[in-house]
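Order of listing sets the numbers, starting from 1, for every ligand and every atom in it. Only a predicted model underlies this, so the values are computations on that prediction, with no experimental measurement involved.
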Amino acid sequence: MSTATPQSNIESMLIENRVFPPTAATVKAARISGMGTYNAMCAAAEKDFEGFWAQLAHDNLSWKKPFTEVLDESNAPFYKWFADGELNASYNCLDRHLGTPTENKKAIIFEADDGQVTNVTYKQLHAKVSQFASALKAMGIKKGDRVIIYMPMTVEGVVAMQACARIGATHSVVFGGFSAKSLQERIQDAGAVAVITANYQLRGGKELPLKAVVDEGIALGGCESIRNVIVYQRTATACNMVAGRDSLMHEVTAKAAATCEPEFVGAEHPLFILYTSGSTGKPKGVQHSTGGYLLWAKLTMDWTFDLQKSDVFWCTADIGWVTGHTYVAYGPLAAGATQVIFEGVPTYPNAGRFWQMIEKHKVTIFYTAPTAIRSLIKAAEGDEKVHPARSDLSSLRILGSVGEPINPEAWMWYYKNVGGERCPIVDTFWQTETGGHMITPLPGATPLVPGSCTLPLPGIMAAIVDETGKDLPNGAGGMLVVKRPWPAMIRTIWNDPERFKKSYFPEEMGGNIYLAGDGAVRNADNGYFRITGRIDDVLNVSGHRMGTMEIESALVAHSALVAEAAVVGRPDDLTGEAIVAFVVLKRSRPTGDEAKAIAKELRDWVGKQIGPIAKPKDIRFGDNLPKTRSGKIMRRLLRGIAKGEAITQDTSTLENPAILDQLSENL
Ligand code: PRX
């Protein structure tokens, strides 16, 4: 079976009418059992919105000081939830399980790149986190300080996040694939006092430097706030250590007190900042709270994944992304689950690795991205040795998808070949800003439709509106919004409250409803949501968010070579979208091998500026870019050219229509 092009995906989604209701047995055993229960929960939230959330927050979290206020809207859109309550996130993920049967349960089954497995119980994880937290404290890191985490997928990565939470420090995890410059920008913007990193990371049998990138980032300047760099020694290879600033994680931990009282913080205390791309060149530091965020991380584990005591949960996302925050570092632990953490890549030593690991660890809930599924479909088609049929996947009971639209063809393959036509697929729509799932099926309730994220979770007031915020009827495409605040929502953009208001709560819509930045349409019959893609200049490449302006800024920063650049997305079979850059050079337009060489130079340059995930797949050179009379780049035209479409628009207003032919030329 082959994957269709995204163009035909959209078409096939429009005509999609296959429905997969949950089996009676699934409904019976589920936490949220049947649509009746789901509808009753939604009705309860409608009827008494604050009471609904207050009950959940009371029942699902351990509070040091109980809250008396639920939602404070006095300074909207800077909403506050449970603001006078006090708690600690690490306490809720670890201490809470001590003295219960969960303490000796495996919290983490860690599988290293080379296949070695290490199990860590809740009790052991508590000890590790406490001791490392003591070490951070001994260095003078305290509540409210910001700490950058630049770590591989390891137990230590989670320990670093939990240790920060334990002492009330706000962490900001930077994905290990981001460049020195990206790291420097984040250190500066967050005003971080420390970086926790590893000497190297191991991926696909290769040792890749991390500490050297941290050194390079700090050397770029403006990082004087950094007092400590703490290095987890992942491999035996030595790395440069700066006297007085750098220390080894195992050495500082060995010297530290074994226990560390959690620092109880107000519910609104920032647990973390996570940088993500927006429609301007500068990434935004999405700030999340402690109480509301953690509540949703725990609840969505229970609701969306129907978590049961015996489950083995595996979310394949890296801790550098929000999915790795909510569904690796916090949600599974807060819910007392056993989870698999995987250091490596899905294609090493072969593309059957995921299936082999599901069999080996008897995974029951598997959560991954459509891009991974699509690439594994391709691999399985080419080599039946890596086909999921080669592994015993009978332990699976629920599958999940996240990060980008899943095309119905990939959905069906996942459903049949991985889920054995018995496992519901939860297609979870959410964002860095939402903290956790927003629109998703519930395994024991929602009839599934391939390619649709179905219905909002109870308490999430999602709707589709026009530019003025007016509700649109089912069947009409518009902008996805959330009309009421929810506990896990973004609190602000770090250092930029104005941008927060402007980006998410536009005045034209009244200034208090959350604009997701995605287009969506609801099915005329059943009201199911289907996400149609971003409505801003944000691309989704392999489930990774990239701003077109961010890549444009990186290109023009090559000031010796580049005069002007415009970046657009093009549908891609494998990665969802691919980056296409149109570039005007300061010299004459190159052709042939010369053009290829310059394109490679620019691709590597962008890799250095942002990270390899931002490298344009395709670079086209022109003497000029198509602009309107007022000088605005005609992006729609460029998007058409990138797709290889014939130009049907009126181009008579263009200064130099001949450039369209130039820009259409593939290298
Ligand atoms: O466009 C939507 C897409 O990913 C964007 C959010 O990206 P990010 O903040 O990096 O978070 C990714 C992990 C939650 C959204 O604005 N997106 C995410 N999930 C889905 C999706 N598009 C369609 N279907 C989904 N299930």
Any idea which of Trp321, Phe429, Tyr327, Trp430 brings a heavy atom closest to atom 14 (C) of ligand 1? Trp430

Enumerate the atoms of ligand 1 whose separation from the nearest heavy atom of Asn540 is less than 4.0 angstrom. 3 (C), 4 (O)

Identify whether the distance between the nearest side-chain nitrogen and carboxylate oxygen of Asp572 and Arg374 falls below 4.0 Å. no

So, using side-chain hydrogen bond (donor to acceptor under 3.5 Å, both in side chains) as the criterion, who are the partners of Lys282 when residues are at least two apart? Asp189

Residue, atom name and distance, where the atom is the protein heavy atom closest to atom 23 (C) of ligand 1: Pro405 N, 3.2 Å

Polar-atom distance check: Ser401 versus ligand 1, any N or O pair below 3.5 Å? no

So which heavy atom in the protein is nearest atom 25 (C) of ligand 1, and how far is it from that ligand atom? Glu404 O, 3.6 Å

Are Lys181 and Glu185 close enough for a salt bridge, meaning some N to O gap below 4.0 Å? yes

Note the single closest protein heavy atom to atom 15 (C) of ligand 1, along with its residue, its atom name and the distance in Å. Asp518 OD2, 3.2 Å

With a 4.0 Å cut-off, would you call Glu552 and Arg635 a salt bridge? yes

Quick test: of every protein heavy atom, which one is nearest to atom 7 (O) of ligand 1, and how far off is it to 0.1 Å? Arg545 CD, 3.2 Å

Regarding Lys284 and Asp496, does a basic nitrogen lie under 4.0 Å from an acidic carboxylate oxygen? no

Is there a polar contact between ligand 1 and Thr432, counting only N or O atoms under 3.5 Å apart? yes

re atom 13 (C) of ligand 1, the protein heavy-atom contact at minimum distance is Thr323 OG1, 3.4 Å

Would one find an N or O of Ile531, backbone or side chain, under 3.5 Å from an N or O of ligand 1? no

Min side-chain heavy-atom separation Ile273-Thr170 under 4.5 Å: yes

Any Gly403 heavy atom less than 4.0 Å to ligand 1: yes

Could you name each residue pair satisfying salt bridge (charged side-chain N to carboxylate O under 4.0 Å, His left out) that touches residues 417-436, not counting sequence neighbours? Glu433-Arg545

Does the distance from a Lys or Arg side-chain N to an Asp or Glu carboxylate O, for Lys378 and Asp573, drop under 4.0 Å? no

